[in-house]
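Report on one structure; see the data block that follows.
What you see below is based on every heavy atom in this structure, not just the backbone, and it leaves out hydrogens, waters and symmetry mates. Because the structure is predicted, anything quoted here is derived from the model rather than measured. Letters go in sequence order (proteins before strands), and every chain restarts at 1.
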There are 2 protein chains.
Amino acid sequence: MVHDDLQPSPPAASDERPSDPRAGAFQGVREAHRNELAEDYVELIAELIHARGEARPVDIAAKMGVTPPSVAKTLDRLARDGLITRARYRSVFLTDAGRALAEECQRRHDIVLRFLLRLGLDAETAEHDAEGIEHHVSERTLALFAAFADRS
Amino acid sequence: MVHDDLQPSPPAASDERPSDPRAGAFQGVREAHRNELAEDYVELIAELIHARGEARPVDIAAKMGVTPPSVAKTLDRLARDGLITRARYRSVFLTDAGRALAEECQRRHDIVLRFLLRLGLDAETAEHDAEGIEHHVSERTLALFAAFADRS
DNA sequence: GACGATTATTAGCCTTGTCTAATATTTGGC
DNA sequence: GCCAAATATTAGACAAGGCTAATAATCGTC
């Protein structure tokens, strides 16, 4: 053990290696990263199911910009984590947990996107930045974004 | 440098796997992630040098919330990429490239942070969210953030 | 129903980034 | 100057996420 200090940072997750307040922020970002891919996948799967009635790996691969084997590996992890169900050579379905996560993500994405557009950004840049930002905004920030986007 | 996207248009440069416009956004996010750790490190190293006169691995580890061996491995990569110089058992120095990147990151961080504060966020949440957001805002968005933060 | 094209999966490799445990070096107190 | 403590590094494991190449299954068309 290297650090056995004081002061767990208030907002953070479950891990203990504080010793510096900023460390909490960095750990939070790393934590967010671990969930990011899963969130993007379930969000995309929900969209595909809505738009086409099913989510096939080949379409996920095209939309995500990765190869089918990468999709397969990630889908295995999502299934292991209880977010999707799948059968070999069949398309993908969301579990209740997956669907809830997808809706949550869509909500956040929508707020961030509307906020950026309201700020005056062009549609393409807004979409691009929203994709990166949406996983890193707290509920508090999201509330402020929503208020700004909806103000008259 | 890393973020130079004044052009929103087509997924730049040399990659071949378009087929969907959204794919570009996801690839951009993955690209950003590859640089994120390097950016956080050089920014932190610059801060440590400014505050204490030198950047020691043990302090970097404490601030980043990781163990010293993780720091060592990352520092090797930063040295390989020409952002820092180091000698065994000595503290770390930024190259010109590293210093330039650090300044760029500090500028972005500062703008995002001031923007969030101006929006009405508390200091702690603002710092936390800025840490996550700063790597994912385009120059265009940053310009809008700066304008909002500085408006009278 | 068979066959070629499409799609999905498997196998295997690479890189990052995290960790612990063990070792090496430097530093500071005496 | 010596020795213990602090610090740095190395070694080695593991998980994630990306890829290519090869194989397997399904689908569409005849």
Exercise for the section: Would you mind reading off the distance between A/L83 atom CG and D/dA16 atom P, rounded to a whole angstrom? Expected result: 13 Å
Exercise for the section: Whole angstrom is fine here: how far is it from CZ in B/R77 over to C1' in C/dC14? Expected result: 15 Å
Handout entry: Under 4.0 angstrom between B/T74 side-chain N/O and C/dG17 OP1 or OP2
Key = no
Handout entry: Distance below 4.0 Å between A/T67 side-chain N/O and D/dC19 OP1 or OP2
Key = yes
Handout entry: For atom CD of A/E39 and atom C1' of D/dA16, their distance in whole Å
Key = 16 Å
Problem - Distance, rounded to the nearest Å, where B/D40 contributes CG and C/dT16 contributes C1' - result: 15 Å
Handout entry: Contact check, side chains of A/E134 and A/E43, non-hydrogen atoms, under 4.5 Å
Key = yes
Let me have the donor-acceptor pairs involving side chains of residues 68-75 of chain A, under 3.5 Å, with sequence neighbours excluded, atom names and distances please.
{"unit_1": "A/S70", "atom_1": "OG", "unit_2": "A/T67", "atom_2": "OG1", "d": "3.2"}
{"unit_1": "A/T74", "atom_1": "OG1", "unit_2": "A/S70", "atom_2": "O", "d": "3.1"}

Handout entry: Rounded distance in Å - CG (A/D81) to C1' (D/dA16)
Key = 11 Å
Fill in the blank from the handout: To the nearest angstrom, the CZ-P distance between B/R80 and C/dG17 comes to 9 Å
Exercise for the section: Look at the side-chain N and O atoms of B/R34 and state whether any lies under 4.0 Å from the OP1 or OP2 oxygen of C/dT16. Expected result: no
Which donor-acceptor pairs under 3.5 Å do side chains of residues 85-93 of chain A form with protein atoms, sequence neighbours excluded?
{"unit_1": "A/R86", "atom_1": "NH1", "unit_2": "A/D76", "atom_2": "OD1", "d": "2.6"}
{"unit_1": "A/S91", "atom_1": "OG", "unit_2": "A/E54", "atom_2": "OE1", "d": "3.1"}

Practice task
For D/dC19, take OP1 and OP2 only and decide whether either is under 4.0 Å from a side-chain N or O of A/S70.
Solution key: yes
Handout entry: Protein-nucleotide distance (A/E36, atom CD; D/dG18, atom C1'), rounded to Å
Key = 16 Å
Exercise for the section: Using the test salt bridge (charged side-chain N to carboxylate O under 4.0 Å, His left out), find all partners of A/R140 that sit at least two apart in sequence or belong to another chain. Expected result: B/D122
Problem - Separation of atom CZ in B/F26 from atom C1' in D/dG17, rounded to whole Å - result: 15 Å
Problem - A/R107/A/E103 salt bridge by N-O under 4.0 Å criterion - result: no
Exercise for the section: Examine D/dG17: is either OP1 or OP2 under 4.0 Å from a nitrogen or oxygen in the side chain of B/R30? Give yes or no. Expected result: no
Practice task
Report, as a single string ordered 5' to 3', how protein heavy atoms within less than 4.0 Å touch nucleotides 6-11 of chain C: B base, S sugar-phosphate only, - not at all.
Solution key: -SBBB-
Quiz: residues 141-151 of chain A side-chain donor-acceptor pairs under 3.5 angstrom, not counting sequence neighbours:
{"unit_1": "A/T141", "atom_1": "OG1", "unit_2": "A/S138", "atom_2": "OG", "d": "3.1"}
{"unit_1": "A/T141", "atom_1": "OG1", "unit_2": "B/D129", "atom_2": "OD2", "d": "2.5"}
{"unit_1": "A/D150", "atom_1": "OD1", "unit_2": "A/R114", "atom_2": "NH1", "d": "2.5"}

Practice task
Identify, with sequence neighbours excluded, every residue that meets side-chain hydrogen bond (donor to acceptor under 3.5 Å, both in side chains) alongside B/R22.
Solution key: A/E47, A/E131
